[in-house]
**Q** 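Take this structure first; my questions come after.
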Amino acid sequence: MTKLIELTEIVLFDWGNTLMIDFPDAQGKMCDWEVVEEVAGAGEVLAALSKQHKLYVATNAADSTEQDIIQAFERAGLSQYLSGYFCKASIGLSKYDSGFYPAIIAKLGVKPQDVTMVGDTLAKDIYPALEAGLQAIWLNSSGKKLSESDLANVVQIQYLSELLEMSL
């Protein structure tokens, strides 16, 4: 059974395989790839959510600057919906650092519980966000099954479009 939450005013999104497809054979920075493509429904979801929520990207991309990330989102037609980007180059921390989400909270000047993180990776996106006091939503597009103990605090969706139901 999927637990439902209401989206907070501020929503952070992971980049690769949450908003944009991370092609496994592509090399280098996504902004330089021959093809950049949104995850199915990302544009529609961002367009709708951006009317009532402030949307940001929180990515672990290590080799891309904030400008590289913006350029990739511009190529995919998604940048217009985003209020900002948080990456290792802009905050000096990666998602593997326990201070990653607290640094974002400090930059935004909000309380952790006022932020929702949406991502596709439990270890990098979801568990650290929960530990930092954020709400978190796991984009489980593969339909992977978790044990009951793992499911206790994890809100999961299979498609980005399910976020629209949470924002009402």
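Each residue takes its place number in the sequence, starting with 1.
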**Q** Does some side-chain heavy atom of Asp14 sit less than 4.5 Å from a side-chain heavy atom of Leu19?
**A**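 No, their side chains stay 4.5 Å or more apart.
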**Q** Do any N or O atoms from the side chain of Thr121 and from the backbone of Ala123 form a donor-acceptor pair under 3.5 angstrom?
**A**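 It does not hold such a pair.
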**Q** Taking all non-hydrogen atoms of both residues into account, name the closest pair between Ala61 and Cys87 and its distance.
**A**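 Closest heavy-atom pair between Ala61 and Cys87: O-CB, 4.4 Å.
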**Q** Taking Trp138 for its side chain and Asp120 for its backbone only, find out whether a donor-acceptor pair lies under 3.5 Å.
**A**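 Side chain of Trp138 to backbone of Asp120: a pair is present.
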**Q** Distance from Trp15 atom CH2 to Leu78 atom CG, nearest 0.5 Å?
**A**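 So the CH2 of Trp15 and the CG of Leu78 are separated by 11.5 Å.
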**Q** How long is the span from the NZ atom in Lys95 to the NZ atom in Lys88, to the nearest 0.5 Å?
**A**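 The NZ atom of Lys95 sits 13.5 Å away from the NZ atom of Lys88.
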**Q** Considering only heavy atoms from C-beta outward, does the side chain of Glu38 approach that of Leu46 to under 4.5 Å?
**A**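 SC-SC contact between Glu38 and Leu46 ruled out.
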**Q** Would you find a donor on one side and an acceptor on the other, under 3.5 Å apart, between the side chain of Glu162 and the backbone of Tyr159?
**A**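 Yes; at least one donor-acceptor contact below 3.5 Å.
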**Q** Minimum heavy-atom separation for Pro128 and Leu122, please, with both atom names.
**A**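 Closest pair (atom of Pro128, atom of Leu122, distance): CD-O, 3.8 Å.
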**Q** Is it the case that the ring center of Phe73 lies less than 6.0 angstrom away from the ring center of Tyr85?
**A**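 For Tyr85 and Phe73, the ring centres are under 6.0 Å apart.
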**Q** With a 4.5 Å cut-off on side-chain heavy-atom distances among I, L, V, M, F, W and Y, is there a chain of contacts connecting Phe86 to Val57?
**A**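 In one cluster: no.
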**Q** Any side-chain heavy-atom pair from Ile10 and Tyr56 closer than 4.5 angstrom?
**A**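 With C-beta onward as the side chain, the pair touches.
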**Q** side-chain contact (heavy atoms from CB on, under 4.5 Å) between Glu9 and Lys54: does it pass, once the steps are laid out?
**A** CA-CA 6 Å; Glu9 180 184 341; Lys54 289 184 181 179; 4.2 Å; yes
**Q** Which atom names give the shortest non-hydrogen contact between Ala72 and Met20, and what distance separates them?
**A**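 Answer, listing the atom of Ala72 first, then Met20: O-CE, 3.5 Å.
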**Q** I'd like to know if the side chain of Arg75 and the backbone of Trp33 have a donor-acceptor N/O pair within less than 3.5 Å.
**A**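 Confirmed, Arg75 side chain pairs with Trp33 backbone.
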**Q** For residues 98-115, run the donor-acceptor check on the side chains, cut-off 3.5 Å, and write out each pair with its distance to 0.1 Å, sequence neighbours left out.
**A**
from   : atom 1 : to     : atom 2 : distance (Å)
Tyr101 : OH     : Lys124 : O      : 3.4
Tyr101 : OH     : Asp125 : O      : 3.2

**Q** Is there a side-chain contact between Leu49 and Leu164, using heavy atoms and a 4.5 Å cut-off?
**A**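 Yes, side chains in contact.
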**Q** Could you tell me the separation between the CG atom of Asp22 and the CG atom of Asn17, rounded to the nearest 0.5 Å?
**A**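 With rounding to 0.5 Å, CG (Asp22) is 5.0 Å from CG (Asn17).
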**Q** Could you see if Phe23 belongs to whatever hydrophobic cluster contains Val36? Use Ile, Leu, Val, Met, Phe, Trp, Tyr and a side-chain cutoff under 4.5 Å.
**A**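 Yes; Val36 is reachable from Phe23 via cluster members.
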**Q** Say you draw a straight line from CE of Met30 to CD1 of Ile21; how long is it, rounded to the nearest 0.5 Å?
**A**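 With rounding to 0.5 Å, CE (Met30) is 9.0 Å from CD1 (Ile21).
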**Q** Thinking salt bridges, do Lys29 and Asp68 make one under a 4.0 Å N-O criterion?
**A**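 Salt bridge between Lys29 and Asp68, a charged N being under 4.0 Å from a carboxylate O: yes.
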**Q** Using only atom types and a distance under 3.5 Å, with no angle test, would you say the side chain of Ser50 pairs donor to acceptor with the backbone of Ala47?
**A**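 Answer holds: yes.
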**Q** Should Gln135 and Leu7 be marked as a side-chain contact (heavy atoms from CB on, under 4.5 Å) after you check the CA-CA gap, both sets of side-chain angles, and the distance that decides it?
**A** CA-CA 8 Å; Gln135 293 190 105; Leu7 288 181; over 6 Å; no
**Q** Check step by step if side-chain contact (heavy atoms from CB on, under 4.5 Å) holds for Ser83 and Leu55.
**A** CA-CA 6 Å; Ser83 297; Leu55 310 179; 5.5 Å; no
**Q** Going hydrophobic residue to hydrophobic residue with side-chain gaps under 4.5 angstrom, can you get from Met117 over to Leu163?
**A**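 Hydrophobic grouping puts Met117 apart from Leu163.
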**Q** Distance check, rounded to the nearest 0.5 Å: Leu139 atom CG versus Gln156 atom CD?
**A**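 Rounded to the nearest 0.5 Å, the CG-CD separation comes out at 10.0 Å.
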**Q** Distance check, rounded to the nearest 0.5 Å: Leu12 atom CG versus Thr59 atom OG1?
**A**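 If I round to the nearest 0.5 Å, the distance is 11.5 Å.
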**Q** Test your reading of the model: is there a side-chain donor-acceptor pair from Thr116 to the backbone of Val11, 3.5 Å cut-off?
**A**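 No, Thr116 side chain to Val11 backbone: no donor-acceptor pair under 3.5 Å.
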